[in-house]
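In this text the structure is predicted, and so the values were computed from the model without any measurement.
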Amino acid sequence: MIEALKQNYGYLFEPPLLEEISRVGQLKKVPEGFQLMDIGEPIKGMPLILEGAIKILGEDEKCNELVLYFIERGDTCAMALSCCVGLAKSEIRAVAETDTVLVMVPVEKMESWMATYKSWRQFILQSYHDRLMEMLDTIDSIAFLKMDERLLRHLRDKAMITHDDVIHTTHQDIARDLNTSRVVISRLLKKLENQGKIQLFRNSIRVIDL
DNA sequence: ACATTAAGTGATT
DNA sequence: AATCACTTAATGT
């Protein structure tokens, strides 16, 4: 596991920190679709992704969920940081987007490391910033009700995460992620296909040019 | 052959 | 953009 850590985080963290992570963290492998965290659940640790990607969903009063952002290798869940500020419950739901390998670090550690390792501190602040920016993006695309742009962004993210130009999903699933109806997604996808940007199949979409 | 699920389309709000 | 109603095609039993 120390090997895998070095490979993905070696350029960020100094050796002593890497060793401490491997000593105190626990390695987890989860299959695609696995729910790692749910709304209202206490946050037991913060995840460092080694392989794969995780989808972060939020939920409104009426149980409508939508994708806020994705995290992949080298990222961590910004929501786990709110533990430091005393909030213990998760406001989000985390679902593995692909088969994923990650290391769970206990919350107590992340706080003390903030003081002792400058690389850790910088990593936390940086990823907090990144996630916040990503969320601002999604928020204003929602605010202006531009579903076509939201869909494009979603496809781009999915293709990026998978490192594959073929996205394995259904129109219905996308509709759920963006909290809209399947019909709307089907129509917009059809439009994108006519523009030559994608190619549609049953249960999958090939990305040509986004 | 039949049921189920994914996707396409027109019309309406 | 959402909803309804209906069709068509692919897949599973």
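Side-chain atoms of A/Tyr69 never come within 3.5 Å of backbone atoms of A/Lys55 as a donor-acceptor pair (strictly under, hydrogens ignored).
Around the CD atom of A/Glu14, the shell of radius 6.0 Å holds more than 12 heavy atoms that belong to other residues, nucleotides or ligands. The number of heavy atoms from other shown groups lying within 6.0 Å of CZ (A/Phe144) does not exceed 12.
Non-hydrogen atoms lying under 4.0 Å from DNA chain C are contributed by A/Leu145, A/Met147, all within residues 134-147 of chain A. Within residues 199-207 of chain A, the residues approached by DNA chain B to less than 4.0 Å at the level of any non-hydrogen atom are A/Leu200, A/Phe201, A/Arg202, A/Asn203, in residue-number order.
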Checklist entry - Are A/Lys158 and A/Glu97 close enough, and set up right, to give a salt bridge (charged side-chain N to carboxylate O under 4.0 Å, His left out), and what steps lead you there? => result CA-CA 9 Å; A/Lys158 282 203 157 227; A/Glu97 177 70 13; 2.7 Å; yes
Checklist entry - Please walk me through it: do A/Glu41 and A/Arg93 pass salt bridge (charged side-chain N to carboxylate O under 4.0 Å, His left out)? => result CA-CA 9 Å; A/Glu41 232 175 61; A/Arg93 171 173 298 147; over 6 Å; no
Next on the checklist: Is there a ring pair (Phe, Tyr, Trp, His ring centres under 6.0 Å) between A/Phe13 and A/Phe123? Walk through the geometry before answering.
Outcome noted: CA-CA 9 Å; A/Phe13 303 148; A/Phe123 168 67; 5.2 Å; yes
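In the model, A/Glu149 has no side-chain atom that pairs as donor or acceptor with a side-chain atom of A/Ser141 under 3.5 Å.
Remark: A/Lys6 does not engage A/Glu3 in a salt bridge, criterion side-chain N to carboxylate O under 4.0 Å.
Along DNA chain B, the stretch of nucleotides lying under 4.0 Å from any heavy atom of chain A spans, 5' to 3', B/dT5 to B/dA11. First and last contacts of DNA chain C with chain A, using any nucleotide atom under 4.0 Å from a protein heavy atom and ordered 5' to 3', fall at C/dA1 to C/dT11.
Remark: A/Phe70 CZ to A/Ile56 CD1 distance equals 9.5 Å, nearest 0.5 Å.
Residue A/Ile54 comes nearest to A/Ala94 through the heavy atom pair CG2-CB, 3.9 Å, listed as atom of the first residue, atom of the second, then distance.
In this structure A/Asp130 satisfies the salt bridge (charged side-chain N to carboxylate O under 4.0 Å, His left out) test with no other residue, sequence neighbours excluded. Residues that satisfy the side-chain contact (heavy atoms from CB on, under 4.5 Å) test with A/Leu125, not counting sequence neighbours, are A/Arg121.
Of the two residues contacting DNA chain C, namely A/Arg182 and A/Leu188, the nearest-nucleotide position lying further toward the 5' end is that of A/Leu188.
A/Thr170 comes within 4.0 angstrom of sugar-phosphate atoms only, judged by non-hydrogen atoms across all strands, and of no base.
A/Ile142 and A/Ile185 are not part of a single hydrophobic cluster, where members link through side-chain heavy atoms under 4.5 Å apart.
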